[in-house]
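Just follow the structure's listing: the first ligand is 1, and inside any ligand the first atom is 1. Just so it is clear, the structure is predicted and the values come from calculations on it, not from any experiment.
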Amino acid sequence: MKVLTIIGARPQFIKAAVVSRAFNEHRPDVQEIIVHTGQHYDANMSDVFFDELEIPKPDYNLGVGGGTHGQNTGRMIEKLEGLMMDIRPEWVLVYGDTDSTLAGALAAAKLHIPVAHVEAGLRSFNRRMPEEINRVLTDHVAAILFSPTETGRQNLLNEGIAEEKNKLVGDVMYDASLFYKDKARKPLLPEELRIKGDDFVLCTIHRAENTNDPQRLKDIFHGLNDSGETIVLPMHPRTRSKIADYGIAIPENVWVIDPVGYLEMVWLEANCRLVATDSGGVQKEAFFYSKPCITLRNETEWVELVDARWNRLVGADSGLIASSIKFFSPEKMRQPLYGDGDAADKIVMEL
Ligand code: UDP
């Protein structure tokens, strides 16, 4: 059986790594063909993940990246359609909520190739997010939907998606955290930054709602500054360029480093005191490594973390950001929220 896996952005490499491993372990009958759309192309946003997570090298790289959402999605659809017509896979496997996800799902659905969507059913209910559009449309053309959470499963039912297509399997990122946590390694940090562990805050910022809004981005950096804490910030290339465009000065307590590989990110997550992020994946990883998280957004798809009071939504409110960085401390009572660590096994067996 041929499965065409479509990936293109950093979190997708991590999710696909665990599923590829599960194919190798449990499905010798499957030939997985990996297509990298080229959406993320910097070495530290792409190549490093293939090297350190031992993902098989992509069979195809479409080299589509750097354009607008419409340009990228359109170019990807055109190239993917051609590939799919040549390869004729039994399944097309897409992950998450990027333009690569949507392009893969649309190209396949119109060729009547069944689409399997990993991380289905997540909703922010904010249609201004490009990710939300990608998720909703992908879910509605998918033939099988793998939800990471009960909330996701319920969202799909609420949208009228047939129950028999809707599989609650747990979160492949939880599987990844279990597999890679012992392989974590300390990143190269600036010499003057002497962290002992548990004495710094880890921050990531890359969501368009923050990076494309100068006021929000300024307010976030104000909040980070006012917290007075030592903050390590592996900076996404988009954020870096927007900060330069808006002329935002990086506060002295914020240590900006280049994006790090996943194993280094795991080290930072496991060793920090608190996480401040607008990333979906990083919110959950904070929970996996028992670190409190404040989320630099007004809403989240991972609502169970907020309900469990492990995550506090602080938006771009500088006062709330500063005080939450200093004082937010959830109770240590935690229940497992993201499955049993075998989501990838369930996915490959289901296909
Ligand atoms: N990540 C990483 N290096 C970094 C920042 C993030 O490896 O410098 C990892 C992080 O651990 C998580 C994933 O990238 O597994 C999250 O991706 P991102 O924040 O880009 O996207 P989102 O999860 O918001 O879709």
Side-chain angles (χ1 to χ4, degrees), residues 7-19 39-53 55 65 94-102 118-120 122-124 126 129-135 138 148 171-181 183-189 201-211 231-240 255-272 275-289 291 293 295-297 299-302 305 311 338 343:
I7 49 182
R10 175 168 69 187
Q12 293 168 331
F13 308 140
I14 297 159
K15 292 165 197 166
V18 283
V19 177
Q39 187 179 338
H40 280 170
Y41 44 83
D42 293 342
N44 56 16
M45 296 291 288
S46 175
D47 299 356
V48 62
F49 297 95
F50 286 86
D51 295 341
E52 63 177 21
L53 306 183
I55 313 170
V94 295
Y95 291 86
D97 54 22
T98 71
D99 292 340
S100 306
T101 317
L102 177 62
V118 177
E119 209 178 73
L122 296 185
R123 296 291 180 268
S124 64
N126 174 0
M129 289 177 74
E131 295 91 338
E132 184 77 353
I133 312 279
N134 293 339
R135 292 178 193 127
T138 301
D171 189 349
V172 290
M173 292 199 82
Y174 180 47
D175 300 13
S177 76
L178 297 175
F179 186 82
Y180 292 108
K181 74 169 187 272
K183 301 176 169 52
R185 55 169 181 255
K186 189 175 178 181
L188 213 57
L189 295 169
V201 170
L202 174 65
C203 180
T204 73
I205 306 165
H206 76 290
R207 285 256 102 70
E209 70 213 55
N210 288 328
T211 59
I231 293 170
V232 177
L233 199 168
M235 195 175 275
H236 193 283
R238 176 170 61 225
T239 315
R240 192 181 281 279
W255 298 79
V256 171
I257 58 174
D258 284 334
V260 293
Y262 179 70
L263 301 180
E264 295 175 328
M265 189 65 181
V266 169
W267 188 93
L268 291 167
E269 289 167 338
N271 285 281
C272 68
V275 170
T277 189
D278 60 10
S279 156
V282 177
Q283 287 174 58
K284 286 176 295 162
E285 286 165 354
F287 175 75
F288 301 152
Y289 300 112
K291 302 300 167 163
C293 180
T295 295
L296 307 166
R297 291 180 50 196
E299 73 278 309
T300 180
E301 301 75 25
W302 305 101
L305 291 173
N311 187 342
Y338 295 102

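In terms of the salt bridge (charged side-chain N to carboxylate O under 4.0 Å, His left out) criterion, residue partners of Lys15 (sequence neighbours excluded) are, by chain and number, Glu119.
Side-chain N or O atoms of Gln12 include one that pairs as donor or acceptor with a backbone N or O of Tyr95 at under 3.5 Å. Looking only at distances, a side-chain donor or acceptor of Thr138 sits under 3.5 Å from a matching main-chain atom of Asn134.
Contact shell of ligand 1 (protein heavy atoms, cutoff 4.0 Å): Arg10, Pro11, Ile14, Phe49, Met173, His206, Arg207, Pro234, Pro259, Val260, Gly261, Tyr262, Met265, Glu269, Ser279, Gly280, Gly281, Val282, Glu285.
Between Glu301 and Arg123 there is no salt bridge, since none of the side-chain N atoms of the basic residue sits less than 4.0 Å from a carboxylate O of the acidic one. Salt bridge status for Glu52 with Arg185: present, with a side-chain N to carboxylate O gap under 4.0 Å.
Rounded to the nearest 0.5 Å, atoms OG1 (Thr101) and CZ (Arg135) are 10.0 Å apart.
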